[in-house]
Amino acid sequence: MRESFSKTKIGAILLVVLALVGACKTDPDSILGHGMHDENELVAKYDTAFTIEAFSVSDDSLILQNGSDVLIGASYSPVWGGATYNLVVQLLSLRTADTAYHSGFLTSNFRVDSVVLKLPYSTFYPQHQRMDGRALTFSLYEVTEDLVDGTGYDSAYSSNYQVDYNPVPLSGPITVYPRPYDTLTDTVDGVATTTVPPLHVKLDNRFGTQLLNYVLAMSSSEQEDISALPNYFKGLYLKVDPCNSEGESIVFSVSNLYAEGACITVYFDGNGTSTSYQNFILGPLRFTQVIRDRERSVDQLYKSQMDNQMDTASGNQRLYIEGSGGSRVRFRIPKFPSEINGDKIVINQAVIVLKNVDEGKESDIGYPEQLQCFIYHNRGTESDLPDASDPGGLYDEGRGEYRLNVTRYFQRLAYLNTVDTANGKYYQDYVDISPISDDRYEKPTRVVLYGPRAAKDPMQMEIIYTIVNDTLNR
């Protein structure tokens, strides 16, 4: 509903607007305040009556290669359906004077004593102690395609990429019971240090024998080249079994595999007198592969938007955002700025307001801490809005809402329609909303939001703007 501000509020807005008179008018943003010399020619307005088109789209083309964290686990939700978070990773190793990778002599008559996978915890979901000790089952497979490094658009690996692998497991199925709430305290010289012990998993000894035979087959120069092992063993695929209920959901992240000590250690008896070991480091090339089973969802509005492009009918009621290659929201205000009569305006503030359907309820996996707006062009190519330096979008738990700043974006859109219509198309495309940066790439958090035609708390744009009644000076 549109209404005029009080004179006090108009005066406060004018102080801000008039301070920008000296700005260079060749910059669309700097047109703010230009030519505004008469207070009688300025009318301050507040408005929320905009027609918004919005719907959810799958984010499964998201590139998750070489992130600082990788996810491992399985989840189920009546809304989102099932998902497994699987790891594809290269193994690296050395046999040099650097004993960080090995100990003892490796000869052809070695005998493997044990094989242990070590995965240090970073973060875990659900983020409450009731998840402590839930079962997670997975198997390990050998990757049969060359893994090629790359970044951005050049990366071959999206979250839904299915790697080629030998279906005969190297080890597994293995069931483990992660306990990230357990701690160890070590005291040295009176100083106590408390840590969370990594997850240690015993693997099949035959897998360790296979790895050591690859090392023995290397030339001496290859044994001193940390990148040589992928020539013999292309990579490891850790594939997680689905879970059947919310009470069985468990997902955890492992930080920066290559740097934090995630590895496979093969313990062996090399000379008949002592146990030696060889480490195989996980990384640096790695990515999280997410397998989603949306058919298990019972939320028809969600399933319809995932199955049908631009389903604004379902999006009018509910919108769905999920990290790690889940889903994002796409919206536009197709009649802006004609819905404010095409007036010449200065936008003082514009925010997109999104309300959480489950406000006040505990989220099992967790809500995104912050959302962001951006423009999606194609796989691996996106661009920030002009508001990227001040995006807003933090989740207000007390109000159960997100407020995203789009002030400069819509100011440019108004400028391009009134002054520079030839370049307006770029700013009339859809704007996408997702969890911000690391949350989008490395966390499984998710939230259901009210759409723009919901009976309660609909998605809306709140805008404070000033109508300029005189002619723009060009």
Undergrad: Taking all non-hydrogen atoms of both residues into account, name the closest pair between A54 and M459 and its distance.
TA: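 Taking every non-hydrogen atom into account, CB-SD, 3.9 Å.
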
Undergrad: At their closest point, which heavy atom of A74 faces which heavy atom of Y85, and how far apart are they?
TA: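 So the minimum-distance heavy-atom pair works out to N-CD1, 4.4 Å.
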
Undergrad: Taking all non-hydrogen atoms of both residues, which atom of I365 and which atom of P444 are closest, and how far apart?
TA: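 Scanning both residues completely, I find the closest heavy atoms to be CG2-O, 3.4 Å.
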
Undergrad: For N166, check side chain to side chain donor-acceptor pair (under 3.5 Å) against everything at least two apart and list the hits.
TA: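 Residues passing side chain to side chain donor-acceptor pair (under 3.5 Å) with N166: none at all.
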
Undergrad: Kindly indicate whether the side chain of V57, heavy atoms from C-beta on, has any atom under 4.5 Å from the side chain of R328.
TA: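 Contact flag for V57/R328 side chains = yes.
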
Undergrad: Is it the case that T466 and N348 place a side-chain donor and acceptor less than 3.5 Å from each other?
TA: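 Result is yes, a qualifying pair exists.
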
Undergrad: Taking atom CZ of R318 and atom CG of D299, what is their separation to the nearest 0.5 Å?
TA: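 Reported value, rounded in 0.5 Å steps: 8.0 Å.
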
Undergrad: Whether the T175 and T137 side chains hold a donor-acceptor pair (N or O, under 3.5 Å, no angle test) is what I'd like checked.
TA: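 There is such a pair between these side chains.
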
Undergrad: List for me each residue that meets ring pair (Phe, Tyr, Trp, His ring centres under 6.0 Å) alongside Y302, sequence neighbours excluded, and say none if there are none.
TA: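 Scan of Y302 (ring pair (Phe, Tyr, Trp, His ring centres under 6.0 Å), adjacent residues dropped) gives W80, Y320.
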
Undergrad: Contact between E322 and S327 at the side-chain level, heavy atoms closer than 4.5 Å - yes or no?
TA: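 Yes. Closest side-chain heavy atoms under 4.5 Å.
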
Undergrad: Is there a side-chain contact between S77 and R446 (heavy atoms, below 4.5 Å)?
TA: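 Yes, side chains in contact.
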
Undergrad: How close do Y376 and E382 get, heavy atom to heavy atom, and via which atoms?
TA: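 Taking every non-hydrogen atom into account, CD1-OE2, 3.5 Å.
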
Undergrad: Under the side chain to side chain donor-acceptor pair (under 3.5 Å) test, which residues partner Y395, sequence neighbours left out?
TA: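 Per chain and number, Y395 pairs via side chain to side chain donor-acceptor pair (under 3.5 Å) with N356.
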
Undergrad: Looking only at side chains, do S324 and R440 share a donor and an acceptor under 3.5 Å apart?
TA: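 Judged by distance alone, the side chains do not pair up.
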
Undergrad: When you measure from the side chain of Q90 to the backbone of G235, do you find a donor-acceptor pair of N or O atoms at a distance under 3.5 Å?
TA: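 Judged by distance alone, no pair lies under 3.5 Å.
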
Undergrad: For L449 and V357, work out which heavy atoms get closest and say how close.
TA: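 In this case the closest contact between L449 and V357 is C-CG2, 3.6 Å.
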
Undergrad: Donor-acceptor check, side chain of T84 to backbone of P242, threshold 3.5 angstrom: yes or no?
TA: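 Such a contact is absent between T84 side chain and P242 backbone.
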
Undergrad: Assess, by modelled atom type and distance only, whether the side chains of Q349 and Y465 contain a donor and an acceptor separated by less than 3.5 Å.
TA: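 There is no such pair between these side chains.
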
Undergrad: Looking at side-chain heavy atoms only, is the closest gap between V201 and L199 below 4.5 Å?
TA: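 A side-chain contact exists here, since the closest heavy-atom pair is under 4.5 Å.
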
Undergrad: Please round to the nearest 0.5 Å and tell me the distance separating atom CD1 of I347 and atom CD of Q411.
TA: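 Here the interatomic distance stands at 5.0 Å.
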
Undergrad: With a 6.0 Å cut-off (strictly less than), is the heavy-atom count around CD of E246, excluding the residue itself, greater than 12?
TA: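 Yes.
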
Undergrad: Checking S253 against E442: is there a side-chain donor and acceptor pair closer than 3.5 Å?
TA: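 Side chains of E442 and S253: no pair found under 3.5 Å.
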
Undergrad: Which distance, rounded to the nearest 0.5 Å, do you find between the CD1 of I264 and the CG of L236?
TA: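 Interatomic distance, I264 CD1 to L236 CG, rounded to 0.5 Å: 5.0 Å.
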
Undergrad: Does a side-chain heavy-atom distance below 4.5 Å link C243 with Y76?
TA: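 Yes - at least one pair of side-chain heavy atoms lies under 4.5 Å apart.
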
Undergrad: Only counting residues at least two apart or in another chain, list the ones meeting side chain to side chain donor-acceptor pair (under 3.5 Å) with D358.
TA: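 For D358 there are no side chain to side chain donor-acceptor pair (under 3.5 Å) partners, ignoring immediate neighbours.
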
Undergrad: Among residues at least two apart in sequence or on other chains, which ones pass side chain to side chain donor-acceptor pair (under 3.5 Å) with T407?
TA: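 N405.
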
Undergrad: Taking R408 first and then D387, would you say they form a salt bridge - that is, a charged N and a carboxylate O separated by under 4.0 Å?
TA: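 No salt bridge links R408 with D387.
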
Undergrad: Tell me, please, which residues at least two apart from F410 pass ring pair (Phe, Tyr, Trp, His ring centres under 6.0 Å).
TA: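 For F410, the residues satisfying ring pair (Phe, Tyr, Trp, His ring centres under 6.0 Å) (neighbours in sequence not counted) are F336.
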
Undergrad: Looking at R399 and E359, is there a salt bridge between them, counting it only when a charged N and a carboxylate O are closer than 4.0 Å?
TA: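 Judged by the 4.0 Å cut-off on N to carboxylate O distance, E359 and R399 do not form a salt bridge.
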
Undergrad: Answer yes or no: are there more than 12 heavy-atom neighbours, outside Q162 itself, under 6.0 Å from its atom CD?
TA: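 Atom CD in Q162 is packed in, count exceeds 12.
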
Undergrad: Got V254 and S122 here, is their nearest side-chain heavy-atom distance under 4.5 Å?
TA: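 Not touching, per the 4.5 Å side-chain cut-off.
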
Undergrad: Just do the side chain to side chain contact (heavy atoms under 4.5 Å, CB included) check on Y237 and Q289 with the steps written out, would you?
TA: CA-CA 10 Å; Y237 180 31; Q289 179 221 30; 2.8 Å; yes

Undergrad: Do the side chains of L170 and F233 get nearer than 4.5 Å, heavy atoms only?
TA: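 Result yes, sub-4.5 Å side-chain heavy-atom pair found.
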
Undergrad: Assess whether side chain to side chain contact (heavy atoms under 4.5 Å, CB included) is satisfied between D432 and F331, documenting all intermediate values.
TA: CA-CA 6 Å; D432 285 20; F331 82 95; over 6 Å; no

Undergrad: Atom CZ of R332 and atom CD of E53: how far apart are they, to the nearest 0.5 Å?
TA: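 Output value for this atom pair is 4.5 Å.
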
Undergrad: Could you give the distance from CD1 (I72) to NZ (K239), rounded to the nearest 0.5 Å?
TA: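 It is 14.0 Å, given to the nearest 0.5 Å.
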
Undergrad: Quick one: do the Q370 and Q372 side chains pair a donor with an acceptor below 3.5 Å?
TA: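 No.
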
Undergrad: For residues F124 and F252, establish whether the separation of their ring centroids is below 6.0 Å.
TA: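 Not under 6.0 Å, so no.
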
Undergrad: Counting N and O atoms only, with roles assigned by atom type, does the side chain of R292 sit under 3.5 Å from a partner on the main chain of G325, one being a donor and the other an acceptor?
TA: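 It does hold such a pair.
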
Undergrad: Working note: R294 + S58, criterion side-chain hydrogen bond (donor to acceptor under 3.5 Å, both in side chains); need CA distance, chi angles, decisive distance, verdict.
TA: CA-CA 11 Å; R294 290 171 172 146; S58 178; 3.2 Å; yes

Undergrad: Less than 4.0 Å between a side-chain N and a carboxylate O, is that true for D146 and K234?
TA: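 The answer is yes: the pair qualifies as a salt bridge.
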
Undergrad: If you compare all heavy atoms of L92 against all heavy atoms of S227, which two are closest, and at what distance to 0.1 Å?
TA: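 That would be CD2-CA, 4.4 Å.
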
Undergrad: Report the C-alpha distance between V70 and F287 in whole Å, list the side-chain angles of each, state the deciding distance to 0.1 Å, and finish with yes or no for side chain to side chain contact (heavy atoms under 4.5 Å, CB included).
TA: CA-CA 7 Å; V70 294; F287 68 93; over 6 Å; no

Undergrad: Within the structure provided, determine whether L136 and R134 are in side-chain contact (heavy-atom separation under 4.5 Å).
TA: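 No, every pair of side-chain atoms sits at 4.5 Å or beyond.
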
Undergrad: Starting at CD1 of I333, measure out to OG1 of T51 and round the result to the nearest 0.5 Å.
TA: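 With rounding to 0.5 Å, CD1 (I333) is 8.5 Å from OG1 (T51).
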
Undergrad: In sequence, state the C-alpha distance, the side-chain angles, and the governing distance for L354 and L319, and then conclude on side chain to side chain contact (heavy atoms under 4.5 Å, CB included).
TA: CA-CA 9 Å; L354 290 162; L319 297 167; 4.3 Å; yes

Undergrad: If we ignore angles and hydrogens, is there a donor and acceptor under 3.5 Å between the side chains of S304 and D311?
TA: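 Yes, a side-chain donor-acceptor pair sits under 3.5 Å.
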
Undergrad: Under 3.5 Å, is there a donor-acceptor pair linking the side chains of Y430 and R330?
TA: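 No, no side-chain donor-acceptor contact under 3.5 Å.
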
